[in-house]
Amino acid sequence: MDELEKLFERYLQSNIFRNREILLPDYVPDKLPHRDEQIKRLATILAPALSKSKPNNVFIYGFTGTGKTAVTKYVLKRLGSKGEDRVLFAYVNCRQSNTNYRVLAELSRAVGRRVPFTGLSTSEVMSRFVEGLDKLDKVMIIVLDEIDHLVKKSGDDVLYFLTRINQQLKRSRLSLVGITNDLRFMEFLDARVRSSLGEEELVFPPYNSRELEDILRRRAEKAFNKDVLEPSVIAKVASIAARQNGDCRLALDLLLKAAEIAERRGDVKVTEEHVSLAQKEIERNLVVDITKSLPLHVKLVLASIYMLEKERARNLTTGMIYNRYVELSRVIGIDPVTQRRVSEILNELDMMGIINARVVSLGRYGRTKIISLSVPKNSIKEGLEEDLLLLGLADMVALG
DNA sequence: AATCCACAGGAAGTGCTGGGCG
DNA sequence: CGCCCAGCACTTCCTGTGGATT
C-alpha cells in the first residue's frame, strides 16, 4: 500500500465523522432551535401573501450567525409550499451582487426576463423587471441579504425604486425583506425608503452560551460517531462563540475544524486542545487569505504599516504611512497613488478588520488617523510574503 | 480666545474595461 | 460599425475640524 492509498484509507474508515456535511455553513437543518419567536413573527408578517395581498416590508437586524438568513429561508420555504401558484420569491445576497445593476439583473432573471450581466442601462433593466413581474400576476417577496453592502457601495436608488414599484404594478405586488447586521444601517437611507422598509422590524438577539450548546449538541449527534467528543468540547466551543456575539456559524465552523484536526492527526477523540488549535487556524487562514487577495497598492500600504510596527514606531499616522508607502513604490518603480486614496485604503483595511484606524485630533499637530494592526503580525507577513518576494522587497520589509 | 496643523472626507471628474444596442 | 452604458480605481479640488499651543 503506497502513501496515498493509506491516506485515502484513513478517510474511508474515519472514526470521527459520521456525516461531516451537517457542520458545513450552508447546511440548513429542518429545525431551528431557539428561534421560534422570530419564525412566528416573520411568518405572521408574510402570511398575507397567501391571500394575494401585499405583506408589509420587513427589516431584520442581528449579528452574524444569529440565524437571520436561515430563519428567512425556512419561512419562505414553508410559505412557498402553501402557495406556489400565488407567491414568488427571490433571494439576493447583496455582498455578492453589490451594485444596482447586478441586483436588478438578478431580480429580472427571477421573473423570467433574460438580462445580460452588463451593457444595458439601469432603467432598461428596471422596466424589464416591472414588465416581467406584472405579467406573472403574483405576490413577490424579495429578500435582500446583507443589504448594507449594497447601500454603502451603490446608494439607495434601487431600494427607492423597489419600495415604490407597487404603484406601477397592475396585477402583481411586491414586498421586501431586508437583512443586515449593521445596526446603524437605517441612518444611511433616504427618509422615504426608511419608513417604507421599516414597516416591520425584527431583531435577532445573539445566542447565549446555553443555546449554542444545545444547537451544537443536536448537530453533533448527527455529524459525529458516538463518544468521539470529549464532554467539555461543546461547552468550550459554545463559550468561545458566545463571546463573539453569539455567532452560531463560528461555533459550527470551530467544531468542524477541531474535528478535522483530530482526524488529521489520527486521534480518536476531539479534545479542548483541538478546539484551541482550530480557533487559531481559523483566525490565521482568514487573515492570510484576505491579505493575499488584496490589490497591489493596498498590499504596499499594508506592508508599510507592517514595517513601521516592526520598527516599533508608535501611534502611526496617515502621513507616516503614506511617506513609507511612497518610498516602497519608488523602490519598485511604480507610481504611487495620492494621499487621498491611501486615506481611503486605510478605511477599507479598517472595515476588513485587518487594521484599527480611528480619527483623533492632536491639537496643534493636526487631525489624523491613528493606525495599528489588529491581527497578528505573522499572518500579515505570511499573506504578503509571496508578492514581496516577487517585487524584491522581501529583505527590506522583513528586516524593517 | 484665537490660531493653525495635518489631515478627514465630500464632490466631481477621468480613463479604462467589458459589454450592450441598432 | 459607432455610440452608449455601468463599474472601478483613482485624481483633483475642495471645505471642514478638534484641540494643543500661542
Side-chain angles (χ1 to χ4, degrees), chain A residues 92-109 113-132 144 146-162 182 184-185 187-190 290-305 308 313-330 332-352 354-372 387 391:
Chain A
V92 180
N93 184 311
C94 302
R95 192 204 288 269
Q96 286 153 34
S97 305
N98 58 358
T99 64
N100 293 337
Y101 188 94
R102 285 210 268 269
V103 170
L104 286 167
E106 261 192 64
L107 295 178
S108 300
R109 259 170 250 138
R113 280 280 181 279
R114 231 204 101 255
V115 172
F117 73 92
T118 175
L120 300 182
S121 72
T122 319
S123 54
E124 169 63 23
V125 187
M126 281 180 181
S127 51
R128 285 196 196 185
F129 172 66
V130 173
E131 184 211 344
L144 298 170
E146 309 199 70
I147 193 172
D148 46 322
H149 283 266
L150 172 66
V151 173
K152 273 178 205 146
K153 235 191 165 182
S154 312
D156 54 9
D157 295 355
V158 171
L159 296 186
Y160 188 67
F161 164 72
L162 290 174
D182 183 348
R184 294 176 310 114
F185 164 72
E187 294 168 22
F188 299 123
L189 294 177
D190 177 285
I290 291 175
T291 308
K292 275 187 179 162
S293 66
L294 259 19
L296 176 64
H297 289 284
V298 183
K299 279 191 178 127
L300 287 175
V301 171
L302 196 54
S304 305
I305 300 170
L308 288 163
R314 280 305 298 150
N315 295 332
L316 306 187
T317 65
T318 307
M320 291 161 70
I321 292 167
Y322 185 65
N323 289 338
R324 182 61 58 95
Y325 156 81
V326 172
E327 276 177 47
L328 290 183
S329 304
R330 223 193 43 228
I332 60 173
I334 61 164
D335 289 343
V337 300
T338 56
Q339 177 158 322
R340 176 71 185 83
R341 177 64 188 139
V342 168
S343 172
E344 206 71 38
I345 288 175
L346 290 171
N347 287 343
E348 287 164 17
L349 287 171
D350 181 55
M351 289 241 291
M352 288 184 262
I354 295 179
I355 66 171
N356 211 302
R358 65 178 211 288
V359 183
V360 295
S361 174
L362 297 135
R364 226 317 119 83
Y365 307 104
R367 208 160 168 267
T368 182
K369 280 197 272 267
I370 296 288
I371 290 124
S372 59
D387 286 71
L391 297 167

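The shown structure was predicted, so the numbers you read here are calculated from the model rather than taken from an experiment. Chain A is the first sequence line, chain B the second, and so forth, proteins listed ahead of strands; every chain is numbered from 1. We use all heavy atoms of the structure for the numbers below, so side chains are in, but hydrogens, waters and symmetry mates are not.
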Indicate every side-chain donor-acceptor pair of residues 354-364 of chain A with a distance under 3.5 Å to a residue at least two apart or in another chain.
from, atom 1, to, atom 2, distance (Å)
A:Ser361, OG, A:Gly363, N, 3.3

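Among the atoms of the strands shown, only primed sugar atoms or phosphate atoms (P, OP1, OP2) are found under 4.0 Å from some heavy atom of A:Thr122.
Judged by distance alone, the side chain of A:Ser127 and the main-chain N or O of A:Glu124 form a donor-acceptor pair under 3.5 Å. A donor-acceptor pair under 3.5 Å is formed between the side chain of A:Lys299 and the backbone N or O of A:Leu294. Between the side chain of A:Arg128 and the backbone N or O of A:Arg114, at least one donor-acceptor pair lies under 3.5 Å. Judged purely by atom type and a 3.5 angstrom limit, A:Thr99 has no side-chain atom pairing as donor or acceptor with the backbone of A:Ser154. For A:Tyr325 (side chain) and A:Val337 (main-chain N/O), a donor-acceptor pair under 3.5 Å exists by modelled atom type.
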Worked verdict on A:Glu146 versus A:Lys152 for salt bridge (Lys or Arg N to Asp or Glu O under 4.0 Å): CA-CA 11 Å; A:Glu146 309 199 70; A:Lys152 273 178 205 146; over 6 Å; no
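In this model, the phosphate group of C:dC10 is not approached by any side-chain N or O of A:Thr338 to a distance below 4.0 Å at OP1 or OP2. Considering only side-chain N and O atoms, A:Lys153 lies nowhere under 4.0 angstrom from the phosphate OP1 or OP2 of C:dG7. Contact annotation: A:Thr318 side-chain N/O to B:dC7 OP1/OP2 distance is not under 4.0 Å. The phosphate of B:dC7 (OP1 or OP2) has no side-chain N or O of A:Lys369 nearer than 4.0 angstrom.
Closest non-hydrogen pair, A:Leu162 versus A:Phe129, comes out as CD2-CE2, 4.0 Å. Between A:Val125 and A:Ala105, the shortest heavy-atom contact is CG1-N, 3.9 Å.
The overall bend of the helix from B:dA1-C:dT22 to B:dG22-C:dC1, read as the angle between its terminal helix axes built from five base pairs each, is 30° when rounded to 10 degrees.
Against DNA chain B, the stretch residues 340-351 of chain A makes heavy-atom approaches under 4.0 Å through A:Arg340, A:Ser343, A:Asn347. The stretch residues 99-108 of chain A touches DNA chain C through A:Thr99, A:Asn100, A:Tyr101, A:Arg102, each having a heavy atom within less than 4.0 Å of the strand.
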Contact state string [nucleotides 16-22 of chain C, B base, S sugar-phosphate only, - no protein heavy atom under 4.0 Å]: BBBBBSS
Under 4.0 Å protein heavy-atom contact, by nucleotide of nucleotides 13-22 of chain B - B base, S sugar-phosphate only: -----BBSS-
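If you take NE2 on A:His297 and CG on A:Asp335, they are separated by 8.0 Å, rounding to the nearest 0.5 Å. Once rounded to the nearest 0.5 Å, the distance linking CD1 of A:Ile321 with CD of A:Gln339 reads 10.5 Å. Note: A:Ile371 CD1 to A:Leu316 CG = 7.0 Å, rounded to the nearest 0.5 Å.
Straight-line distance from the CG atom of A:Asp157 to the P atom of C:dA6: 11 Å, rounded to whole Å. C:dG7 atom P lies 10 Å from atom CG of A:Leu150, rounded to whole Å.
Comparing B:dC7, C:dC10, B:dG9 by their nearest atom to the side chain of A:Gln339 picks out B:dC7.
Using a 4.5 Å cut-off on side-chain heavy atoms (C-beta onward), A:Arg341 and A:Ile345 make contact. By the 4.5 Å heavy-atom criterion applied to side chains, A:Tyr322 and A:Leu346 are not counted as neighbours.
Partner of A:Ile334 under the side-chain contact (heavy atoms from CB on, under 4.5 Å) criterion, out of A:Leu296, A:Leu328, A:Leu391: A:Leu296 alone. Screening A:Gln96, A:Arg95, A:Arg102 against A:Asn98 for a side chain to side chain donor-acceptor pair (under 3.5 Å) leaves a single residue, A:Arg102.
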